[in-house]
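Some notes on the structure that comes next.
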There are 2 protein chains.
Amino acid sequence: MTNDLEDNMIDFEQPCPIRDVLDRIGDQWSLLVLKALEIQTLRFNSLHREIGDISRQMLSRTLKKLENDGYISRTIYAEVPPRVEYTLTDLGGSFLKPMNILIQWANDNHEAICLARKNLSQ
Amino acid sequence: MTNDLEDNMIDFEQPCPIRDVLDRIGDQWSLLVLKALEIQTLRFNSLHREIGDISRQMLSRTLKKLENDGYISRTIYAEVPPRVEYTLTDLGGSFLKPMNILIQWANDNHEAICLARKNLSQ
DNA sequence: CTGGATCCTCATCGATACTG
DNA sequence: CAGTATCGATGAGGATCCAG
């Protein structure tokens with residue numbers, strides 16, 4: 001009797017781990033930030049340029065949330081002008097492994113989803 | 001020169017496949033519904049009981065969205081009283097494979113995330 | 001350069017009541 | 001049994017201005 005089923009089940013009771021994760025990275029920007037930092041360490045304005053259409057306001061909030069959950073780390077250099085670098089933590093890198101599989105699935109099946117949406121609009 | 005990097009990148013241009021997926025699945029209930037249907041086909045009220053604290057309103061909306069994207073199928077039986085069964089489609093089952101990996105990651109790392117949150121509140 | 005503070009808008013979600 | 005309609009609350013996200 002293995003506990004495969006149990007491992008695979010969602011715990012409907014509080015706290016729900018996957019809910020914690022989805023609530024944090026399910027927003028509009030978190031995943032884009034993580035994917036940008038997966039390539040390389042970046043500072044605030046570099047991230048802003050990289051992502052493009054995010055406001056500085058939302059970038060700031062997103063970074064703080066990701067840092068609070070341990071996905072990224074923030075390093076301040078006491079220079080003039082100030083420099084702040086954001087780096088993926090081990091936890092963040094670990095998270096991107098299963099997440100990249102899901103991203104790959106999304107890329108592979110995007111056509112099927114679009115097709116399903118079109119079919120119902122006929 | 002492989003295209004591994006390209007496969008792994010998020011397309012910042014529209015439409016973004018992973019955004020389509022996260023927008024649909026990132027809400028409060030979709031994943032719970034899919035996980036419930038992963039076990040077995042269920043009818044509306046069975047799902048309602050199974051998930052527990054979802055309102056019929058939200059269950060109805062969630063089911064419709066999932067059906068629209070092809071994750072589940074809806075079968076109506078012309079009986080009295082009416083019977084409607086919801087089943088996972090091939091696409092839905094396919095989606096749960098990478099998703100289950102992510103769920104497993106969330107379970108495994110939930111403690112680390114909680115720890116990160118506590119550390120900052122000190 | 002790296003943000004915080006404030007105000008605003010809009011989509012989402014819940015509660016309630018109603019229908020075939 | 002299986003939903004829909006309507007209304008109100010809530011919070012995510014954007015715009016703008018200000019600060020260290």
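Only a predicted model underlies this, so the values are computations on that prediction, with no experimental measurement involved.
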With heavy-atom distances below 4.5 Å as the criterion, would you say the side chains of V21(B) and Y71(B) are in contact? yes
Describe the nucleic acid contact of Y77(A) in one word from base, sugar-phosphate, nothing, applying a heavy-atom distance below 4.0 Å. nothing
Given that R61(B) and S46(B) both sit by DNA chain D, which one's nearest nucleotide is further toward the 5' end? S46(B)
Is the closest side-chain donor-acceptor distance between T87(A) and T41(A) under 3.5 Å? yes
Joint cluster assignment, I101(B) & I103(A), ILVMFWY side-chain distance < 4.5 Å: no
Compare all side-chain heavy atoms of L47(A) with those of L59(A) and state whether any distance is below 4.5 angstrom. yes
Outermost DNA chain D nucleotides near chain A [under 4.0 Å, heavy atoms]: dG13(D) to dG20(D)
Start with the C-alpha gap between F44(A) and S60(A), add the side-chain angles, then the distance that decides, and say whether side chain to side chain contact (heavy atoms under 4.5 Å, CB included) holds. CA-CA 8 Å; F44(A) 188 86; S60(A) 175; 4.3 Å; yes
More than 12 heavy atoms of other residues, nucleotides or ligands under 6.0 Å from CG of D90(A): yes or no? no
Describe the nucleic acid contact of E79(B) in one word from base, sugar-phosphate, nothing, applying a heavy-atom distance below 4.0 Å. nothing
With a 4.0 Å cut-off on heavy atoms, is K65(A) in touch with a base, just the backbone sugar-phosphate, or nothing at all? nothing
Check every nucleotide of DNA chain C for an atom under 4.0 Å from a heavy-atom of chain A, then give the first and the last such nucleotide from 5' to 3'. dC1(C) to dT6(C)
Name the nucleic acid region contacted by R43(A), choosing base, sugar-phosphate or nothing; use a 4.0 angstrom heavy-atom cut-off, strictly under. sugar-phosphate
For salt bridge (charged side-chain N to carboxylate O under 4.0 Å, His left out), just list the numbers for K65(B) and E67(B), CA-CA rounded to whole Å, side-chain angles, deciding distance to a tenth of an Å, and then say yes or no. CA-CA 5 Å; K65(B) 288 200 304 177; E67(B) 187 194 2; over 6 Å; no
Under 4.0 Å between any heavy atoms, over every strand shown, what does R83(B) touch: base, sugar-phosphate, or nothing? Just pick one. sugar-phosphate
Can you check whether S94(B) reaches W105(A) side chain to side chain, under 4.5 Å on heavy atoms? yes
